[in-house]
**Student:** 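Take this structure first; my questions come after.
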Amino acid sequence: MAQRVTYRRRNPYNTRSNKIKVVKTPGGKLVAQHVKKQASRPKCGDCGDALQGISTLRPRQYAQVSKTHKTVQRAYGGSRCANCVKERVVRAFLIEEQKIVKRVLKDQQAKEAGKK
């Protein structure tokens, strides 16, 4: 005959936050162990890919671990992946270059207008 197992906490329903795993103790009894919810990997805010080098924890646990578990040593460390940061740097550089080119063309046109 199968042995019955009861919940060990107050909530008597099979909800997402009340999952159990049945475990046999050294004394031969079956008991319920409550299982914590699975944590999801932190994602890049731009592309949505999982961030490398950052611990996979439940949201509340990030408050209890040190900063090295939550970031990487780079601009936008814990929120953007390396490829997205690279794209941002290149985009900013090209925009600045474009501004310089526009300024140079404007100066040349002003000189030509001055000669006429």
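Because the structure is a prediction, the values reported are computed rather than measured. As a basis for the values below, the full set of heavy atoms in this structure was taken, side chains included, without hydrogen atoms, waters or symmetry mates.
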**Student:** Within a strict 4.5 Å, meaning less than it, do heavy atoms of the His69 and Tyr62 side chains meet?
**Tutor:** no

**Student:** Answer whether the closest heavy-atom distance between the side chains of Val22 and Gln33 falls below 4.5 Å.
**Tutor:** no

**Student:** Ignoring hydrogens and angles, tell me if any N or O in the side chain of Arg8 forms a donor-acceptor pair with the backbone of Ala32 under 3.5 Å.
**Tutor:** yes

**Student:** Would you check if Cys84 and Tyr76 make a side-chain contact, meaning some heavy-atom pair closer than 4.5 Å?
**Tutor:** no

**Student:** State, to 0.1 Å, how close Arg80 and Cys44 come at their nearest heavy-atom pair, and which atoms those are.
**Tutor:** CA-SG, 3.9 Å

**Student:** Drop me the distance from Arg16's CZ to Lys37's NZ, to the nearest 0.5 angstrom.
**Tutor:** 4.5 Å

**Student:** To the nearest 0.5 Å, how far apart are CG in Leu51 and OG1 in Thr56?
**Tutor:** 9.5 Å

**Student:** Does a sphere of radius 6.0 Å around NZ in Lys19 hold more than 12 heavy atoms from other residues, nucleotides or ligands, not counting ones at 6.0 Å or beyond?
**Tutor:** yes

**Student:** Asn18 versus Tyr13: any side-chain heavy-atom pair under 4.5 Å?
**Tutor:** no

**Student:** Going hydrophobic residue to hydrophobic residue with side-chain gaps under 4.5 angstrom, can you get from Val90 over to Phe93?
**Tutor:** yes

**Student:** Do you know the tightest heavy-atom contact between Ile54 and Pro42?
**Tutor:** CG2-CG, 3.6 Å

**Student:** State the CD-CD distance between Gln108 and Glu112, to the nearest 0.5 angstrom.
**Tutor:** 7.0 Å

**Student:** With rounding to the nearest 0.5 angstrom, report the CG to CZ distance, Leu57 to Arg60.
**Tutor:** 13.5 Å

**Student:** Is the shortest side-chain heavy-atom distance between Asp46 and Arg88 below 4.5 Å?
**Tutor:** yes

**Student:** Quick one: NZ on Lys70 to OG on Ser79, what's the gap to the nearest 0.5 Å?
**Tutor:** 14.5 Å

**Student:** Decide if atom CD of Gln3 counts as having more than 12 heavy atoms of other residues, nucleotides or ligands within a radius under 6.0 Å.
**Tutor:** yes

**Student:** More than 12 non-hydrogen atoms from neighbouring residues, nucleotides or ligands closer than 6.0 Å to CD on Gln61, yes or no?
**Tutor:** yes

**Student:** About how many Å separate CD of Gln73 and OG1 of Thr68, when rounded to the nearest 0.5 Å?
**Tutor:** 9.0 Å

**Student:** Do Arg58 and Lys36 have side chains that get closer than 4.5 Å, going by heavy atoms?
**Tutor:** no

